[in-house]
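Before any comments, here is the structure.
Side-chain atoms are counted along with the backbone in the values below, which use heavy atoms only and exclude waters and symmetry mates. Below, chains carry the letters A, B, ... as their sequence lines are ordered, and counting in each starts from 1.
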Number of protein chains: 2
Amino acid sequence: MLGGMSSRDPQAAGLARLAGLFADETRAACLLALLDGRAWTAGELARYAGVAASTVSEHLGKLVAGGLLAEERQGRHRYVRLADARVAQLVEDLAAQVPAEARRAPRGLREVSAGSAMARGRTCYDHLAGRLGTAVTDAMTRRGLLRQDTGFALTDAGVEWFGRVGIELARGGRRPLARACLDWTERRPHLAGAAGAALCRHAFAEGWCVRIGSGRAVKLTAVGERVLGEVLGIEADEFRTR
Amino acid sequence: MLGGMSSRDPQAAGLARLAGLFADETRAACLLALLDGRAWTAGELARYAGVAASTVSEHLGKLVAGGLLAEERQGRHRYVRLADARVAQLVEDLAAQVPAEARRAPRGLREVSAGSAMARGRTCYDHLAGRLGTAVTDAMTRRGLLRQDTGFALTDAGVEWFGRVGIELARGGRRPLARACLDWTERRPHLAGAAGAALCRHAFAEGWCVRIGSGRAVKLTAVGERVLGEVLGIEADEFRTR
DNA sequence: TGCGCCTTTCGGTGGGCGCCGAAGTGCGGC
DNA sequence: GCCGCACTTCGGCGCCCACCGAAAGGCGCA
């Protein structure tokens, strides 16, 4: 009936090719690392993933060719980052389906404290995640700014809230204003989309939170704790206990 | 530095393993076929994918072991279907990222007419898609039953509408009531989630639409055209023109 | 009970690909 | 202008895996 079976169904072939980009442990590790939304050099990724520089170079070539990464050459460095928010969402969606038992149990004091810092707060591409992210999302839901009972959308009061706090929402773009992103550590949704990104950007700009070291972990400042208490009514211990 | 590099990062390993299930053209073709939400036998999938029965049998074993498919043995037949709505959403999400140019251009009159039937209306796992799906979604948005401007959620009026039409919404489940599903043919979102599934189930039960032959294409009946005009104000030609 | 269909198991084959080290290229710094 | 560092290219190795045909297993039907 058919011999070599070259290109039977382009849809299936495209899906397989796309999935193939994720289907390698080293490439998957790179994509997960890049979920912090920042640009990494090839060498950093090689050290992070524990493979030779030549190996990671080939992987990055495939990921760029496949449209998942954007690259920027600066002198002798090659910086790569996730191509756009759609790619970031795809990585999130796939990672969220990974069975929970396949998570790493931290070994040693160093990893435990790094892990708990990540659990407290971190960036997820361009928005806030961890307990910090879910606490903000829950508070917005409690206050009627966000509704999750019939889907996931800002309410009119929520749109107004953004304006009152001084965060500009870019309407009209192709990107949805609000969307749910499943949190790995909390196993509950937090606010993503254009509004989540704007909120995160504002939080850093206003000093509500700062990055811890060079990682994706994020720490709430004293200012941030006070402001979030004022504008969202979040109690201070909500960021610590669960 | 490191020899075998066994299990470096369980998260990355899990992601790679999951993606690996999609990363084969034959398995991808099976998953896309199963997106119609129904159960297929192993033999049907083998013929559809154009490979030997023994080959598809091995693939199904992996997909079941990986949790993507559920199987049911009936006599000498092995029926498989997508494990749950989460898996279906994952397949949709991945398929939606496939570059548009990788779509199959239909060849021959038979494929053209089958393709246009699919474009008019079809099921997408457990909800309606194609022009039928987007027409319903657009009408609900126009009437203020669904809001897409600040996310994607039913409004209070929308919840009430479901009750008035006689569709029971299962609240309280883990599944979101409304969620957007990107349509391949229309390139626009349509209603998915628990509400989309309930609407689709109701539409079939009330004879608003029927399946064409044994495929996933769906045809609106005269009754359905009239009822949708009454309850959503959809003009008849909205299903045909775009 | 025996035949036929659907499915599975098994052995074998070929190709694809992830990995490395070594050599090469280009840029920055001393 | 030379050295060093970041990255890339290349050759080669080894493993994994999709594929098939042949044979075996299980079930329905006559």
Side-chain angles (χ1 to χ4, degrees), chain A residues 1-9 12-13 15-31 39-66 68-81, chain B residues 1-9 12-13 15-31 39-66 68-81:
Chain A
M1 180 186 268
L2 38 105
M5 179 261 311
S6 52
S7 85
R8 205 176 351 149
D9 179 353
L15 174 51
R17 204 169 336 113
L18 174 63
L21 293 174
F22 291 84
D24 173 80
E25 186 174 342
T26 300
R27 282 197 296 269
C30 291
L31 290 167
W40 292 51
T41 68
E44 286 169 341
L45 286 171
R47 252 167 288 134
Y48 174 80
V51 294
S54 58
T55 302
V56 108
S57 174
E58 291 169 348
H59 285 309
L60 296 184
K62 294 181 185 184
L63 291 171
V64 170
L68 296 186
L69 299 187
E71 70 180 350
E72 202 171 332
R73 311 262 175 168
Q74 272 183 28
R76 50 186 172 180
H77 292 283
R78 177 199 209 176
Y79 285 96
V80 292
R81 54 184 165 76
Chain B
M1 177 187 262
L2 39 106
M5 180 258 315
S6 52
S7 84
R8 208 177 346 151
D9 178 354
L15 174 52
R17 204 170 336 113
L18 174 63
L21 293 175
F22 291 84
D24 174 80
E25 187 174 341
T26 299
R27 281 197 296 268
C30 291
L31 290 167
W40 292 50
T41 68
E44 286 170 339
L45 286 171
R47 254 167 287 132
Y48 175 80
V51 295
S54 57
T55 302
V56 107
S57 174
E58 291 169 348
H59 285 309
L60 295 184
K62 294 181 184 182
L63 292 172
V64 170
L68 296 186
L69 300 187
E71 70 180 351
E72 203 171 332
R73 310 263 176 166
Q74 270 183 29
R76 51 186 170 181
H77 290 283
R78 177 198 209 177
Y79 285 95
V80 291
R81 55 184 164 74

- Item | Any donor-acceptor pair under 3.5 Å from A:Arg27 side chain to A:Val56 backbone |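 Side chain of A:Arg27 to backbone of A:Val56: no pair is present.
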What is the distance from [atom1] of [X] to [atom2] of [N], rounded to the nearest Å?
X	N	atom1	atom2	answer
B:Glu71	C:dT8	CD	C1'	12 Å
A:Asp24	D:dC15	CG	P	17 Å
B:Trp40	C:dC6	CH2	P	16 Å
B:Tyr79	D:dC27	OH	C1'	13 Å
B:Leu45	D:dA18	CG	P	16 Å
A:Arg78	C:dT25	CZ	C1'	14 Å
A:Arg17	C:dG16	CZ	C1'	15 Å
A:Glu72	D:dC7	CD	C1'	16 Å

- Task: Report yes if a side-chain nitrogen or oxygen of B:Arg73 is closer than 4.0 Å to either non-bridging phosphate oxygen (OP1 or OP2) of D:dG25; otherwise report no.
- Result: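 For D:dG25, neither OP1 nor OP2 has a side-chain N or O of B:Arg73 closer than 4.0 Å.
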- Item | Contact under 4.0 Å: A:Thr41 side-chain N or O vs D:dC7 OP1/OP2 |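 Checking A:Thr41 against D:dC7: at least one side-chain N or O falls below 4.0 Å of OP1 or OP2.
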- Salt bridge A:Arg73-A:Glu71, side-chain N to carboxylate O under 4.0 Å: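 Answer for the salt bridge query: yes.
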If you compare all heavy atoms of [X] against all heavy atoms of [Y], which two are closest, and at what distance to 0.1 Å?
X	Y	answer
A:Glu25	B:Ala12	O-CB, 3.8 Å
B:Leu60	B:Ala42	CD1-CB, 3.7 Å
B:Thr26	B:Ala49	CG2-CB, 4.1 Å
A:Ala23	B:Ala23	CB-CB, 3.9 Å

- Item | First of A:Gln74 and A:Ser54 reached from the 5' end of DNA chain C, by closest nucleotide |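 Closer to the 5' end of DNA chain C: A:Ser54.
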- Message: Regarding D:dC7, can its base be found pairing with the side chain of A:Arg76 as donor and acceptor, where the two atoms are less than 3.5 Å apart?
- Response: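 Flag unset: no donor-acceptor pair detected.
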- Query: Reckon A:Arg47 touches a base, only the sugar-phosphate, or nothing at all at heavy-atom distances under 4.0 Å?
  - Reply: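 Nothing: the residue A:Arg47, judged by heavy atoms under 4.0 Å, touches no strand.
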- Looking across every strand, which nucleic acid part, if any, lies under 4.0 Å from A:Ala52 by heavy atom: base, sugar-phosphate, or nothing?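 Result for A:Ala52 = sugar-phosphate.
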- Would you sort out whether A:Phe22 and B:Leu18 count as a side chain to side chain contact (heavy atoms under 4.5 Å, CB included), showing the intermediate values? CA-CA 9 Å; A:Phe22 291 84; B:Leu18 174 63; over 6 Å; no
- From C:dG18, C:dT7, C:dT8, pick the nucleotide closest to the side chain of A:Arg27?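 Nucleotide nearest to A:Arg27's side chain: C:dG18.
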- Among residues 55-63 of chain B, which contact DNA chain C at a heavy-atom distance under 4.0 Å?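 Heavy-atom cutoff 4.0 Å gives B:Ser57, B:Glu58.
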